[in-house]
Amino acid sequence: MTGALLWMCLIVLVFPTNTQRDTSHSTVAGRVAADPPANIKVTDSGHLGHMTIEWSQPSSIQNLTDCTVRYQLRFYDTYAGRWKSVRTLRLSYAAQFDLEKPIQVRMLTLLKGACTNGTEILGEEVKFEHTPKHSGISGSRIRDFRCVYFNKEHMDCTWEQGNVMPLSSEHYLYYWHREMQAPQECPQYIVSPEDRMGCRFLPHTLVEFSEFNVCVNGSSAAGPLRPAYFSLEVQNHVQPARVSQLQVAFQDGLVQARWEPPAGHIPEQCLEYELETSRESNDGRMWQWTNETEETTSGFLWEDMDGRICFRVRSKVNGYCADDGFWSDWSTATCMPGTPQDMPETGIETVKDKPWWNGLALLGMLVIVLVFVFLLILWMLRKMWMNRKEDKHVLYPLYQEKVQKAVYPVFVSLFQ
Ligand SMILES: *[C@@H]1O[C@H](CO)[C@@H](O)[C@H](O)[C@H]1NC(C)=O
Ligand SMILES: *[C@@H]1O[C@H](CO)[C@@H](O)[C@H](O)[C@H]1NC(C)=O
Ligand SMILES: *[C@@H]1O[C@H](CO)[C@@H](O)[C@H](O)[C@H]1NC(C)=O
């Protein structure tokens with residue numbers, strides 16, 4: 001009984017204090033209420049997803065002096081897949097949205113200054129949602145959209161047709177970036193026999209480190225096709241050209257691969273490399289390993305010089321110059337010892353070809369040497385024979401002379 005009474009007293013005591021606190025809060029709110037921003041709207045200026053969120057100041061704080069009014073804005077970034085927060089003094093904010101997905105925005109007002117005795121007041125958060133209406137024949141949206149900025153020479157964006165392709169369908173690509181007034185159509189379509197399958201952009205039509213927005217829509221006999229929207233940053237789609245100058249040298253037990261950065265517009269300090277080394281020992285055992293480097297040379301000790309070593313290299317834009325990129329194609333393999341000119345892609349196959357190549361070369365050398373020796377012998381024989389003949393030529397007159405000298409008088413005396 002006493003316990004229950006005590007509890008009741010406590011509740012009675014607690015309630016007034018709570019109410020008091022509430023009252024004090026509402027006093028502050030009554031004087032300075034951080035009401036949420038009014039008239040929130042998202043305007044599409046036709047920039048393919050680059051939208052402007054606008055709002056107006058709540059009327060309750062219009063006459064406030066000595067107060068800093070800020071707005072906190074949170075929106076769901078559909079490309080990054082997470083919520084993003086910003087605080088601003090302004091009454092608008094531009095952000096990138098995927099027009100194929102709902103636009104979700106949350107906003108609140110922040111007050112700080114003399115009007116709040118220096119403490120910051122956060123208002124209540126309000127939600128705003130807008131779902132862009134989906135138009136076009138369902139299932140006709142393109143698939144597997146992909147952009148590759150090859151060696152910064154041209155960017156090819158390609159796609160696959162949608163699952164549904166009504167009669168006489170034709171695709172269009174429109175693009176926009178911050179240096180353009182309005183979207184423009186693809187400068188140069190990549191065409192397959194039936195339809196447009198991509199678009200080629202030359203560097204002067206692109207900007208880096210900024211949104212590059214794309215819309216691929218289409219028309220058909222049955223009506224417009226479902227549009228697809230994309231937003232990318234061009235510098236993250238670079239694929240360097242293949243490394244063409246890969247050389248291997250061997251000195252003082254050190255085997256070293258050395259290459260030149262691919263020629264083009266990508267600065268050398270923006271490239272990283274992957275070097276693949278394949279090694280086969282004379283007894284047929286094989287190893288293969290890769291290492292990544294920002295140098296254009298890599299080497300290791302190879303003291304026993306047993307078997308054969310092959311290298312190939314590929315390159316990619318590094319983390320200092322972009323967040324992402326594509327690996328180039330592999331260079332052709334260069335091997336130690338020796339590299340036939342027309343080597344296949346993998347060094348291992350060539351390693352197997354080695355005895356055949358060496359055998360043939362040896363046989364060829366042997367044949368040449370034999371032919372040479374044979375010719376030499378022939379020449380010597382001929383020379384010897386000639387000499388003997390010459391000797392004969394020299395001796396004969398002498399012999400004739402001597403014989404005639406001796407025989408002639410005898411002969412003459414015989415017939416006299
Ligand atoms: C702000 O001040 C103007 C004139 O000074 C007045 O007409 C208006 O009603 C005031 N607004 C608020 C919300 O108090
Ligand atoms: C601000 O502080 C002063 C005294 O430090 C107090 O008199 C006044 O009521 C406070 N104002 C608010 C809005 O809390
Ligand atoms: C495709 O999109 C562009 C840019 O928004 C627009 O101007 C054009 O009319 C659209 N075409 C079709 C067939 O929907």
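Counting starts at 1 for both ligands and their atoms, following the listed order.
Classification of Arg314 and Glu276 as a salt-bridged pair fails, no side-chain N sitting under 4.0 Å from a carboxylate O. Classification of Glu280 and Arg308 as a salt-bridged pair fails, no side-chain N sitting under 4.0 Å from a carboxylate O.
Of the protein's non-hydrogen atoms, the one nearest atom 5 (O) of ligand 3 is Leu48 CD2, 3.8 Å.
For atom 9 (O) of ligand 3, no protein heavy-atom neighbour is found at a distance under 4.0 Å.
Put simply, part of Gly218 is less than 4.0 Å from ligand 3, judged by heavy atoms.
Between Asn217 and ligand 3, a contact under 3.5 Å exists for at least one N or O pair.
Remark: among candidates Trp176, Tyr229, Tyr174, Tyr172, the nearest residue to atom 3 (C) of ligand 3 is Tyr174, based on non-hydrogen atoms.
By the 4.5 Å heavy-atom criterion applied to side chains, Asn217 and Ser135 are not counted as neighbours.
Between Cys157 and Cys199, the sulfur-to-sulfur (SG-SG) separation does not fall under 2.5 Å.
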(request) Apply side chain to side chain donor-acceptor pair (under 3.5 Å) to His50 and Glu211, showing your working. (result) CA-CA 8 Å; His50 187 81; Glu211 290 136 6; 3.0 Å; yes

